[in-house]
Each structure stands twice: as C-alpha cells, then as structure tokens.
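It should be emphasised that the depicted structure is a prediction, and the values quoted were computed from it without experimental measurement. Computation of the quantities below employed the complete heavy-atom set of this structure, encompassing side-chain atoms and omitting hydrogens, waters and symmetry-equivalent molecules. Numbers restart at 1 for each chain; the letters A, B, ... are given by sequence-line order, proteins then strands.
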Number of protein chains: 2
Amino acid sequence: MSQPGLRERKKEKTRLALIDAALDLFLAQGYEATTVDQIAAAVEVSPRTFFRYFATKEDVALSLPVDGQEVMLRELAARPAEEPPFVALGHAMRAVVAELQNGDQTETRRFLKARELIESTPALFAGSVSRMMENERRLIAEIARREGCSPDDLLPHFVVSLFTSVARVGFESCHPRTVEDLPAFAERLEQILALAERSLRPGWDRV
Amino acid sequence: MSQPGLRERKKEKTRLALIDAALDLFLAQGYEATTVDQIAAAVEVSPRTFFRYFATKEDVALSLPVDGQEVMLRELAARPAEEPPFVALGHAMRAVVAELQNGDQTETRRFLKARELIESTPALFAGSVSRMMENERRLIAEIARREGCSPDDLLPHFVVSLFTSVARVGFESCHPRTVEDLPAFAERLEQILALAERSLRPGWDRV
DNA sequence: TGTCATCTGTCAGTGGCTGCCATAAATTAC
DNA sequence: GTAATTTATGGCAGCCACTGACAGATGACA
C-alpha cells in the first residue's frame, strides 16, 4: 500500500499542510498581509523550509491550479487522434471538470478554496494568468504534434488561444466556490463551447 | 508652446530618463541582475525618488506598452458604431500599429526596445500578460457599451478574448525589433485577422 | 549498526519597497 | 519682487521576500 517511503509521505504531508495553512491565512487576513513566517509558524516549520517546498509565496497559492493544468494536458494527450483539435480540447476540459466533481472531496474543496482566493486577489490572479500562458505553449506543442504540423504554425496557436479564451471566460463568468457550484460551472462551460461552435465555420481548426 | 509648467516638464524628463536608463541596463546586464539603485544612480536620482515615479521595478519596463494599450482603447472608442465589434477592434489595432510606424522615431525605438526586453525576460513577460488582462476588462466594457449590452454578457467577453488572442499570436509569431520590422509585423497581423475571418461565421460577433 | 543520502534549522545578507520627516524647488498670492 | 503655499526630492530606518552556506537531524539501505 505504502508505495512511497516514510520520507516521501512526510514531505507530501508538510506540503499539503503548508498549502492548507497558507490558504486559510490568506483568506482570513489577506494575501499580502500574511507573511511567510506566519505560514511556516502555523505548520511549525522554519521559514527556510517553506522556500524548499515553494519557490515563492505566490506558488503556495497557485500550486493546486497549476496541478490542474497538468491534468488537462494528460487528458488531451489521451484523446483519439481523429478528433479535431478544438473538440479534443473541449473533451479534455470536460474530463478535468468531471474529475473535480467525482474525485476526493477534500482535494476538490482545497482546489476551489484556492480558486476563490486567486480570483479575489489581483496579485494572485495576475500570477495565475501568466502561468496559464506558460501552459498554453505546451498545449500548442501537443496540438501541433497531433496534427503533424510545426508548433510555429499559425493554426495551433490560434486554436489553443481561442480555446483558452473560452476556458477563461467560463471561469470569469461563473465562479464556482463550493462543490455544489460545479454542475452550474460545467453547464456554463457547455454554453460557451456551444457559442464558440456556433461562431465558427465547420472544419476551421484543421488543415 | 510650453503648456505645462517647468515642474511638469522636469518630471516628464526624469520619467523618460529613468525609462531609458532602465531599459539600457536591463538589456545590457539582465533584468534581475539590475538593481533599482543602479537605475537611480544612472539618472542621478535617489532610489526613493525612483519609486515615486514607478510603483515597482517591473513598472519601469512595462510602462510604455501599457501606454500603448491606452492608445488602443482611445482608437476603439473613436470607431463608428455601425462597425461590428471585431472589425472595430481590428481597425483600432491597425491604427495603433500605424501610429507606431509614422510617429516619433525616438518613441517608437524606445517602445520596441521595451517589447524586445519583455519578450526575452520571463518575469516581465508574465507581468505584461497580466496587465493585458487588466486592459481586457476595459475593452469588454467598451464593446458592451457600443453594442448596448451588459459587460457581463457572454458575447463581448468572447469577442474581446478572441481578439486579444489574435493580437497575442501576432506578437508571438513575429517579434518586431526595429522600425524596419514594423511593416512585416503589420502584414503578419493582417494574415492572422484574415485567418480569424476565414474561421468565423459572418455576423458571429453581433446579436 | 553503521554508512550514506537527504531533509531541516540557523544565520547572515541582498534587494525590493514603504513611511516619515526635513529640505529644496516651483507655483501662487500679495 | 517678496512672502506664503504647494509639491518634489533626499536620507534614513525598517519590513519582508528570498538566497547561499554550513551544521545537525533523520529516514534509507546494506
């Protein structure tokens, strides 16, 4: 059962403890009003150790959504090659939301807590956006690979860029705060995907 | 001629001097390797004064592109109301590029220097992106006003989001470094706008 | 049990950024 | 032209995010 050794498990435990403590403190007294020392103290760890787990104070708040993007990429890679790029991206996104709805409640709650915090904190929102951009490059690479074209081609850029627009508008226009909000969010996502489909010419995302 | 008083002119002068010194130092020895003290010293100003002109070290590098977005917004507001939103956005963008091509050479060079620096510095690129998002909200508001709908409606979000995608892909796929590169950039922009037009159904951005 | 790799705490230090107060310069009022 | 007022600047003390280096603690493994 315990595949990873004691050391690994301990590390994962402190990592989660740091995230939880940080999220709670940030939500309670504000992001910038909270110091790293406070977070470290709450977990009974030295401030230096905090920075061994997270490169910056921002990272501890963003780590969960960043992980989510990793999942998105894996899901995309698992989609069949016949699917047109935009369709594949849509299904990958649906899979991520589904996992959020059906997965471990504790994790989901943590994730939503992080998203709420990020949306209500300009500095974190900015950070979140720029990491999405980072991830966008990887999505482009994956789409280019699927379609057998160069990552420098205009089309994969355009497809991914348009898709992330859809995803972003989804989050912006419907802020899921609890597990109960997730179905509404999923529905909202469908609305926007439908709007996109209505707006675009059939076959626009291929060749 | 000298509409603004001596005080105002002096301030503008130090502001530009700080930007120039900062850009040169950043390009010469790297962004993070350059300290605010160095920039201040180069302009013979106290470090404290630097922070009276720019809230952060990042700001001095991003101020020019941020000003550019301001121009974009003004141009958009000047477009006739009959134009469909996406067309109006396209023309506003063209106007900005044209102003860049025909305006003061010194200013244009400064602007391009800033863009080059930003694109080659991850931290600055991240900051740049998140400010674009800030601006995106204002573009959405303007489109909503033009179209007589609510800024919360899906359509203006979608239109603007898609347009900024186009703009971003334009910059990413063609990095104008000197004034001579600008025509090529303008052409690239046209290509992407054409691609977008080909991909979208007529009338998609209205009603 | 002992050796080794890895994690952790301590400490000293850099650099971004701010509040505060005194001074100097430009603007305005007289 | 001078005095009064506003506004920009410099210097200083200090907070906090973040880092490198070293020493001690703690799992891993034989």
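Applying the ring pair (Phe, Tyr, Trp, His ring centres under 6.0 Å) test to A/Phe111 and every residue at least two apart in sequence or in another chain returns nothing. The ring pair (Phe, Tyr, Trp, His ring centres under 6.0 Å) search around A/Phe54 returns A/Phe50, not counting sequence neighbours. Looking at residues two or more places apart in sequence or on another chain, you find a ring pair (Phe, Tyr, Trp, His ring centres under 6.0 Å) between A/Phe171 and A/Phe185. A/Tyr31 pairs by the ring pair (Phe, Tyr, Trp, His ring centres under 6.0 Å) definition with A/Phe26, not counting sequence neighbours. Evaluation of the side-chain hydrogen bond (donor to acceptor under 3.5 Å, both in side chains) rule for A/Asp59 yields A/Thr56, A/Arg131 as partners, not counting sequence neighbours.
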For residues 35-45 of chain A, dump all side-chain donor-acceptor pairs below 3.5 Å to protein atoms at least two apart in sequence or in another chain.
residue, atom, partner, partner atom, Å
A/Thr35, OG1, A/Gln38, N, 3.2
A/Gln38, OE1, A/Gln29, NE2, 2.5

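Remark: A/Arg137 does not engage A/Asp152 in a salt bridge, criterion side-chain N to carboxylate O under 4.0 Å. A salt bridge does not link B/Glu70 to B/Arg74: none of the charged nitrogens lies less than 4.0 Å from a carboxylate oxygen. Of the charged side-chain nitrogens involved, at least one lies within less than 4.0 Å of a carboxylate oxygen, so that A/Asp24 and A/Lys113 count as a salt-bridged pair.
If you check residues 113-127 of chain A against DNA chain C, you find no residue with a heavy atom closer than 4.0 Å. Taking a 4.0 Å limit (strictly below) on heavy-atom distances, residues 35-58 of chain B reaches DNA chain C at B/Thr35, B/Val36, B/Arg48, B/Phe51, B/Arg52, B/Ala55, B/Thr56, B/Lys57. Shown for residues 22-34 of chain A: residues whose heavy atoms fall under 4.0 angstrom of DNA chain D, namely A/Thr34.
None of B/Arg109, B/Arg110, B/Arg177 except one satisfies the salt bridge (charged side-chain N to carboxylate O under 4.0 Å, His left out) rule with B/Glu116; the exception is B/Arg177.
For the salt bridge (charged side-chain N to carboxylate O under 4.0 Å, His left out) condition, the pairs that include at least one residue of residues 89-105 of chain A, sequence neighbours left out, are A/Arg94-A/Glu190.
Judged purely by distance below 3.5 Å, without hydrogens or angles, the side chains of B/Ser130 and A/Ser130 never pair a donor atom with an acceptor atom.
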Any protein N or O atoms within reach of nucleotides 22-25 of chain C? Criterion: under 3.5 Å, listing atom names and distances.
residue, atom, partner, partner atom, Å
C/dA25, N3, B/Arg7, NH2, 3.3

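Nucleotides of DNA chain D that come within less than 4.0 Å of any heavy atom of chain B span, from the 5' end to the 3' end, D/dT6 to D/dC12.
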